[in-house]
Amino acid sequence: LWQGAPDFSDMAIRVFHLRKATIYFAVLIAVRGIFLYSSGVGTSATLAGTLLSAALALTALAALTVLAWLTARTTAYTLTNQRVVMRIGIVLTLTFNLPLKRIETAGLQLNKKGFGDIPLALSGGDRIGWLNLWPHARPWRIAKPEPMLRCIPQAQAFAHQLQLAWSAATGGTQATAVTPPAHQQSNWQTKLT
């Protein structure tokens with residue numbers, strides 16, 4: 001019914017926090033430069049120390065960017081009339097088949113550009129290890145990890161297809177949107193029971 005992959009730029013910004021890391025390193029470099037200059041080591045030593053910090057920061061930011069690119073490139077999400085399939089992993093590829101009948105709830109968190117994350121809460125005692133899922137796991141759900149389809153383009157349209165597929169697979173009624181409490185991460189949550 002649908003197949004897609006995470007968007008690289010959205011993955012880099014929202015999952016790997018590239019913007020926040022850039023601001024963090026910029027502040028560290030500025031503090032380092034001010035400290036060196038105020039300690040009186042001289043202009044050339046201050047410049048050398050600041051450039052060294054900048055080079056290390058650029059290396060870390062490049063590593064985050066490559067990790068986000070590889071994650072987006074090696075991930076595939078598939079929705080069939082019976083299941084959601086997640087193929088994830090950079091070095092070791094894992095495939096998770098999540099039958100629609102075993103999905104209890106699904107949520108949607110949209111950003112302004114229409115990209116979104118869809119966490120899937122599994123029913124009963126079904127569990128997948130958090131480390132096996134990362135970064136495709138819902139944040140802060142470590143005791144009972146929830147698989148999450150990350151940074152999906154046109155996520156609202158996919159969420160609608162997921163609702164229809166779930167209803168058809170389980171013979172349930174059409175899923176309804178429920179407004180969650182403000183502290184939850186999703187903009188709306190769909191109860192699939």
* To do: Taking only Lys NZ, Arg NE, NH1 and NH2, and the carboxylate oxygens of Asp or Glu, determine whether R150 and D10 approach each other closer than 4.0 Å.
  => no

Quick one: does any side-chain atom of T74 pair with a main-chain N or O of G89 as donor and acceptor, under 3.5 Å? yes

Rounded to the nearest 0.5 angstrom, the OG1-CE distance for T78 and M86 is 10.5 Å

Notebook entry, point to check: How about T71 and P6: do any of their side-chain heavy atoms sit closer than 4.5 Å?
Noted result: no

- [ ] Flag the pair R127 / P145 as yes when at least one side-chain heavy-atom distance between them is below 4.5 Å, and no otherwise.
- [x] yes

State, with a plain yes or no, whether a side-chain heavy atom of F25 is found less than 4.5 Å away from one of S53.
-> no

- Query: Can you get from F96 to L1 by hopping between Ile, Leu, Val, Met, Phe, Trp and Tyr side chains that sit under 4.5 Å apart?
  - Reply: yes

Note, R87 side chain near T95 side chain (heavy atom, < 4.5 Å): yes

- Got F158 and I118 here, is their nearest side-chain heavy-atom distance under 4.5 Å? yes

W130 and R141 have their tightest heavy-atom pair at CD1-O, 3.8 Å

Heavy-atom closest pair (E146 atom, P119 atom, distance to 0.1 Å) is OE1-CB, 3.7 Å

Flag side-chain contact, heavy atom, 4.5 Å: F35 against V41:
no

- request: Tell me whether V15 is reachable from L149 by hopping between hydrophobic residues (I, L, V, M, F, W, Y) whose side-chain heavy atoms are closer than 4.5 Å.
  value: no

Smallest heavy-atom separation, R83 atom then P99 atom, equals CB-CA, 3.9 Å

- Over 12 non-hydrogen atoms of neighbours within 6.0 angstrom of CD in Q161: yes

Do V91 and L70 sit in one hydrophobic cluster, given that two such residues count as connected whenever their side-chain heavy atoms are within less than 4.5 Å of each other, even indirectly?
yes

Distance-only, no hydrogens or angles: does the S39 side chain make a donor-acceptor pair with backbone N or O of L36 under 3.5 Å? yes

- request: Verify side-chain contact (heavy atoms from CB on, under 4.5 Å) between L79 and Q3, making sure each step is shown before the conclusion.
  value: CA-CA 6 Å; L79 172 65; Q3 189 167 37; over 6 Å; no

Rounded to the nearest 0.5 angstrom, the CG-CG distance for L56 and L28 is 11.0 Å

Q. Are W134 and I90 joined in one hydrophobic group, where the rule is that I, L, V, M, F, W and Y side chains link up if heavy atoms are under 4.5 Å apart?
A. yes

Quiz item: Taking C-beta and beyond as the side chain, do F8 and R73 meet within less than 4.5 Å on heavy atoms?
Solution: no

Separation between CG (L61) and CZ (F16), nearest 0.5 Å, reads 13.5 Å

| Same hydrophobic cluster for V66 and I13, using side-chain heavy-atom links shorter than 4.5 Å among ILVMFWY? | no

So CG of L67 and CG of L18: to nearest 0.5 Å the spacing works out to 11.0 Å

Closest heavy-atom pair, S123 versus K101, reported as atoms and distance to 0.1 Å, is OG-O, 4.4 Å

Are the side chains of P147 and I128 in contact, using a 4.5 Å heavy-atom criterion? yes

Output for pair (C151 SG, K113 NZ), nearest 0.5 Å, gives 11.0 Å

CD1 of I152 to CG of L108, rounded to nearest 0.5 Å, is 8.5 Å

Under 3.5 Å side-chain donor-acceptor pair for H136 and Y77: yes

Heavy-atom closest pair (L100 atom, N81 atom, distance to 0.1 Å) is CD1-O, 3.7 Å

Closest heavy-atom pair, T80 versus A165, reported as atoms and distance to 0.1 Å, is O-CB, 4.2 Å

